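Inspection log for the structure reproduced underneath, given as structure tokens.
This is a predicted model, so every value here is computed, not measured.
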Amino acid sequence: KDRRSGLILTIPLCLEQTNMDELSVTLDYLLSIPSEKCKARGFTVIVDGRKSQWNVVKTVVVMLQNVVPAEVSLVCVVKPDEFWDKKVTHFCFWKEKDRLGFEVILVSANKLTRYIEPCQLTEDFGGSLTYDHMDWLNKRLVFEKFTKESTSLLDELALINNGSDKGNQQEKERSVDLNFLPSVDPETVLQTGHELLSELQQRRFNGSDGGVSWSPMDDELLAQPQVMKLLDSLREQYTRYQEVCRQRSKRTQLEEIQQKVMQVVNWLEGPGSEQLRAQWGIGDSIRASQALQQKHEEIESQHSEWFAVYVELNQQIAALLNAGDEEDLVELKSLQQQLSDVCYRQASQLEFRQNLLQAALEFHGVAQDLSQQLDGLLGMLCVDVAPADGASIQQTLKLLEEKLKSVDVGLQGLREKGQGLLDQISNQASWAYGKDVTIENKENVDHIQGVMEDMQLRKQRCEDMVDVRRLKMLQMVQLFKCEEDAAQAVEWLSELLDALLKTHIRLGDDAQETKVLLEKHRKFVDVAQSTYDYGRQLLQATVVLCQSLRCTSRSSGDTLPRLNRVWKQFTIASEERVHRLEMAIAFHSNAEKILQDCPEEPEAINDEEQFDEIEAVGKSLLDRLTVPVVYPDGYGSSTPRHIIVRFTRVEMKKNRERLSYPQREAHQT
């Protein structure tokens, strides 16, 4: 500024030819920047002619009179160091002073401070004012671009916002016009304005940081409130515009949601329901049920795509409901309810169909397993039983019982699966597929009941055959048991015979002991008799069982002859044993009477006949003991020492008695 607070306008001239038209346009532009108040204080124009011709300087000064005649107060022409015709120049400007309307002075650059403060002059003129013309130009371009764009944007936003307020009802009835948008991005314009305002404010408040006094030019001071005003207006209109866009976006989103909802509903109630109506059977085998399941999975796959759309739509509707716009709540809730009802109903139908097919597959699987078990059991029953022993029969019988039990369990499982499947079919209402399914259900029910009845009949036939086979096998077990026990009886009887021949050989040392042995022998014979009778009864039972089983008993050709042979040998040996024991008792009894010392009865002792009788019994016993009990084995031949000893004593006694007989006679006489 000059000393009158007027603005200083500097016109630098160069060596090249100056285009006066461009200079005139530039001056008009620069003079349009300050406010009217600033213009009223006048301008001081510095024409830097140090690098130009005098004629050019003169032309510029004259042009100032045409461009800004009233605003110019003083024109300082900075003359070059070379000499101008001082008289000519001075006389010329002095001559034209009244016509120009402002004072023109020629001054050297170092004398310019006489008219203008050094702090208001740039370094080119020896001043201290910090000034970067390119920086000013760039910021000015940014300011003008911002001003132009913001003004145009404000007009567009006002048109959009006002049009939206007037045509709200019409907007609801038509789609959004995608071309009805601002020509520039409001966010970009706002960001440019904020950056410009920040730069202007920084230059205003940081002018003294470097220690140099500096005050911003009026154009910058004027730019700040203008930028702030434009930013405020932009923010206001942009906020309204955002609300308009939000409303439009919401309306567009609502219309899109409504359209998608109707697409989902129409497909589920149309082609989707038709697909389910065409599927009602459960199949008559595992393969048929699996084929139906595969078909149902294809139907579910198609439904899954629409259910995914339903989930997305439901989330969008929930987001709009959370926004809380009262005018759309009723419509949104209605759409959500309609969509949910249709989707849940269709999902329930799919799930019911899937569960029904799964139950049918399990039913047919159990039926197939049970059929295989019945086939295996029947095959086992059709094979004739030819076991080698009772253990194998027991094992076969156990296996048969296990198979029958497994069949019972399988049939019970089939009944449970069938009843569960029938319950599901009976719970299938007409709404499930949108039609009356009584006829289709009757076919499914008849099939299920027919399978269960057929399995029941087959199981009953197998049970009857198992009963017959069980009876036969039990009889065979009894037959083998009888044969084994009969063979065991023969073994026992053989052991008794062996014991009789090898261990039952003692005859006793006296009559009393011999009587005891005789009594034990009779009990021993009773045991053998019981064993023989038991073996005979078992063999008779085998004959009866063989007749019942229509087979030939192996015991009739082997066990029975062995039993009879052993019993015959035992009987002979037993009778011989009895005879010997009885003879031994008689011998011991008579010998004891003779050998005992009884003086009171000498007549008994000295009876010759008694000696002869005892001697005959003893010899007979000794002779019998030398003969085998059973021929030709030779068992039972023995000569007990005590019998011989006692027999010898009897003979010795007899001899003594004969020698002393004449003495007894004399004594008696």
> Do Gln237 and Asn161 get their side chains close enough for a donor-acceptor pair, meaning under 3.5 Å?
Replying inline: yes
> How about Gln358 and Gln293: does a side-chain donor come under 3.5 Å of a side-chain acceptor?
Replying inline: yes
> Less than 4.0 Å between a side-chain N and a carboxylate O, is that true for Lys229 and Asp232?
Replying inline: no
>> Angle between ring planes, Tyr131 versus His133, binned at 30° and 60°: parallel, tilted or perpendicular?
In response: tilted
> In terms of ring plane angle, is the pair His447 and His364 parallel, tilted or perpendicular, where the classes change at 30° and 60°?
Replying inline: tilted
>> Strictly below 4.0 Å, N to O, side chains only: are Glu269 and Arg345 in salt-bridge contact?
In response: yes
>> Any carboxylate oxygen within less than 4.0 angstrom of a Lys/Arg side-chain nitrogen, looking at Glu144 and Arg140?
In response: yes
> Is the side chain of Arg50 donor-acceptor paired with the backbone N or O of Lys79 at a distance under 3.5 Å, no angle test?
Replying inline: no
>> Under a 3.5 Å distance rule, please check whether Ser301 uses its side chain to pair with a backbone N or O of Glu297 as donor and acceptor.
In response: no
> Distance only, no hydrogens: is a donor on one side chain within 3.5 Å (strictly under) of an acceptor on the other, for Ser183 and Glu156?
Replying inline: yes
>> Here's a test for you: under side-chain contact (heavy atoms from CB on, under 4.5 Å), which of Val75, Ile11, Leu112 qualifies with Ile46?
In response: Leu112
> Is any NZ, NE, NH1 or NH2 atom of the basic residue among Glu36 and Lys39 found under 4.0 Å from an Asp or Glu carboxylate oxygen of the other?
Replying inline: yes
> Going by atom types alone, do Asn355 and Gln424 pair a side-chain donor with an acceptor below 3.5 Å?
Replying inline: no
>> Which label fits Tyr241 and Tyr238: parallel for a plane angle under 30°, tilted from 30 to 60°, or perpendicular past 60°?
In response: parallel
